[in-house]
Amino acid sequence: MNIINQFVMSRFSQRIDFMTHYLALNSELGILIDEQKLLRGLARNMLGEEDIAGVIIEDGHGRELIRETRDIPGPFETVQKWVYLSEAKDGMVSMNLITDNRDGDRIGRVEVIYSTSGIENLAKQMKQRFLIIALVLILISCFIFYIISRSLVTPVISLAKIAKKVSLGNHAIRAPEGNTPETIKLAGAFNEMLDSIALGRKTIVQAYEKMAKQETLVEVGKFSMMIAHEVKNPLGIIKSSLEILKRELDIPAGNVALTFAEEEIIRLNDLIESFLMFARPARPNFSRTDLNRIMYQVVTGFEIQYQSGLLEIRSSIPEAPFYADADFDLFSRGMTNIIMNACEANQGKGVIEIAIECRKKKWQLYVKDQGKGIPAEQLKKIFEPFFTTKAKGTGLGLAFADQVVKAHGGKIVAQNRPEGGALFCVTMFSNIKDDEIQGSLE
Ligand SMILES: Nc1ncnc2c1ncn2[C@@H]1O[C@H](COP(=O)(O)OP(=O)(O)OP(=O)(O)O)[C@@H](O)[C@H]1O
Ligand SMILES: [Mg+2]
């Protein structure tokens, strides 16, 4: 503000100074020849200029030649200049007239009185305008800052709020996109981070659940094995005691109570056997085996079992062998469990279809039944040990089959058929080369 003031004032005094110099220069002739009219004309001309309140012209002896004034508001200041006699050089008038250093050549003096009120008002006005402009600029800057900060800060605050909600357990919440490309990018990155956190959380929870389940299974398994082991021996004693009683008391073979007791002992023994087989699986004894021959034997067993009933076993087993490294005994017991389930699902009637497809090194067994199928929510559970929907089932049949097939590098898939009933598909692979087979057969 001061700089502006100083600048305006200095330009104003320069202007008055220059005009006074100009007056002094023009007054030289009038003073020399004492021409009042000329000097008055010069003085009046000067008075015609803005802010000039009076003009005094004196000769070299200090005698006042002209005094012209006019009435304008003050405050006033004066400026004076000496009038020098000019030197003619080569017909040119030297401009040293306007220097103040030549005391001897002074022929007069001009004095100009001027008012500073106009320029002060101007400076004041400029000051006010400057203040107004500065104020408006500050307001505009504040407004722009508010708009920019709002568009940037609001999404950041909302991100902070969302982060808080996530930390309180709301994992489904996502950040809204802002209006600027930066905030859209920020919200996108934030949401991606939340997605990956959610995914990580899900994986950890699943892993934890699996771990907890496995731990429980291990505990249950250990406990059950102990019980099974402890029950197996007394069961043997009960069975032989019954035999002795039967002989000593001469009880007839068809005695209902005795038959019932014997059947239950057999069932309990089977249960313990299959449990121990699952819980302490025998190591597969792999040898080059024809899977089709295994299935032929298994299926023939079922055909004999059901030949007199209403259940038909329809099988299509290729005659050509399919060799794979397999444990004959374990594999046939596993496949028996699957076919047995199909027969049980058919409830002693209808058709069970058993088909085998061999393509290069891939072997697939399909077992289709006409039962009620497997409810969707149970499909995932049927391979879990102890999962059963049967009153007298152990829930170990499929768990055992799955364990065996996996140990052979294969897999079992169960699904419901559109026409009703269930379909079990066992897939196995062979890593035996054709020339090896030939060699082994020769
Ligand atoms: N072919 C099928 N059709 C419908 N449900 C089936 C079939 N096979 C298996 N399941 C279902 O899967 C469950 C588990 O079968 P799994 O063979 O493991 O045990 P289980 O048959 O109940 O008992 P166990 O085999 O000891 O007699 C069965 O209880 C049944 O609910
Ligand atoms: Mg079963």
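One-based numbering, in listed order, for ligands and for the atoms of each. These numbers were taken from a predicted model, which means no experiment stands behind them.
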Margin query: Atom CD of residue position E419 - does it have more than 12 heavy atoms of other residues, nucleotides or ligands inside 6.0 Å?
Written below: yes
Notebook entry, point to check: For T20, what residues pass the side chain to side chain donor-acceptor pair (under 3.5 Å) criterion, not counting sequence neighbours?
Noted result: none
Margin query: Using heavy-atom distances only, which candidate in D402, N341, V367, L379 approaches atom 8 (N) of ligand 1 most closely?
Written below: N341
Notebook entry, point to check: Are N341 and K390 close enough that a side-chain donor and a side-chain acceptor fall under 3.5 Å?
Noted result: yes
Notebook entry, point to check: Can a protein heavy atom be found under 4.0 Å away from atom 10 (N) of ligand 1?
Noted result: no
Checklist line | For G397, atoms of ligand 1 separated by under 4.0 Å from a heavy atom | finding: 16 (P), 17 (O), 18 (O), 25 (O)
Next item on the list: Identify the protein heavy atom lying closest to atom 22 (O) of ligand 1, giving its residue, its atom name and the separation to 0.1 Å.
Entry: T388 OG1, 2.4 Å
Next item on the list: Enumerate the residue pairs fulfilling side-chain hydrogen bond (donor to acceptor under 3.5 Å, both in side chains) with a member in residues 237-248, sequence neighbours excluded, ordered by first and then second residue.
Entry: K246-E262
Note to self: Taking the ring of H408 and the ring of F286, is the distance between their centroids below 6.0 Å?
What the structure shows: yes
Item checked: Spatial distance of atom OG (S115) from atom CD (E77) [nearest 0.5 Å] -> 9.5 Å
Check: Which residue supplies the protein heavy atom nearest to atom 29 (O) of ligand 1, what is that atom called, and how far is it?
Finding: T389 N, 2.8 Å
Note to self: Any heavy atom of G371 closer to ligand 1 than 4.0 angstrom?
What the structure shows: no
Notebook entry, point to check: What is the closest protein heavy atom to atom 5 (N) of ligand 1, and at what distance does it sit?
Noted result: I374 CG1, 3.4 Å
Check: In the protein, which heavy atom is nearest to atom 3 (N) of ligand 1, and how far is it?
Finding: A345 CB, 3.6 Å
Check: Only one of I338, T427, V426 forms a side chain to side chain contact (heavy atoms under 4.5 Å, CB included) with V405, so which one is it?
Finding: V426
Notebook entry, point to check: Between E384 and K381, is there a side-chain N and carboxylate O pair less than 4.0 Å apart?
Noted result: no
Checklist line | atom 27 (O) of ligand 1 - nearest protein heavy atom and its distance | finding: G393 CA, 4.0 Å
Note to self: Tell me the protein heavy atom at minimum distance from atom 13 (C) of ligand 1, and give that distance in Å.
What the structure shows: F387 O, 3.8 Å
Notebook entry, point to check: Side chain, backbone, both or neither: which part of F424 comes within less than 4.0 Å of ligand 1 when only heavy atoms are counted?
Noted result: side chain
Notebook entry, point to check: Given that the side chain starts at C-beta and the backbone is N, CA, C, O, which of these parts of D369 lies under 4.0 Å from ligand 1, counting heavy atoms, or is it both or neither?
Noted result: side chain
Next item on the list: Taking only Lys NZ, Arg NE, NH1 and NH2, and the carboxylate oxygens of Asp or Glu, determine whether E215 and K213 approach each other closer than 4.0 Å.
Entry: no
Checklist line | Around the Mg ion (ligand 2), number of protein N/O/S atoms which are nearer than 2.8 Å | finding: 1
Margin query: Do the side chains of R283 and D327 get close enough for a salt bridge, i.e. N-O under 4.0 angstrom?
Written below: no
Item checked: Any G373 heavy atom less than 4.0 Å to ligand 1 -> yes
Item checked: Closest contact, heavy atoms only, A326 versus T289 -> O-OG1, 3.1 Å
Notebook entry, point to check: Atom CG of D325 and atom OG of S287: how far apart are they, to the nearest 0.5 Å?
Noted result: 7.5 Å
Notebook entry, point to check: Which ligand 1 atoms, with their elements, are less than 4.0 angstrom from a heavy-atom of T394?
Noted result: 23 (O), 24 (P), 26 (O)
Item checked: side-chain hydrogen bond (donor to acceptor under 3.5 Å, both in side chains) pairs, two or more places apart, involving residues 290-300 -> N292-W363
Notebook entry, point to check: Got the closest protein heavy atom to atom 16 (P) of ligand 1, with its distance?
Noted result: L398 N, 3.6 Å
Notebook entry, point to check: Which protein non-hydrogen atom lies closest to atom 21 (O) of ligand 1, naming both residue and atom, and how far is it?
Noted result: K390 NZ, 2.7 Å
Notebook entry, point to check: Strictly by modelled atom types, are Y366 and Q364 linked by a side-chain donor-acceptor pair under 3.5 Å?
Noted result: yes
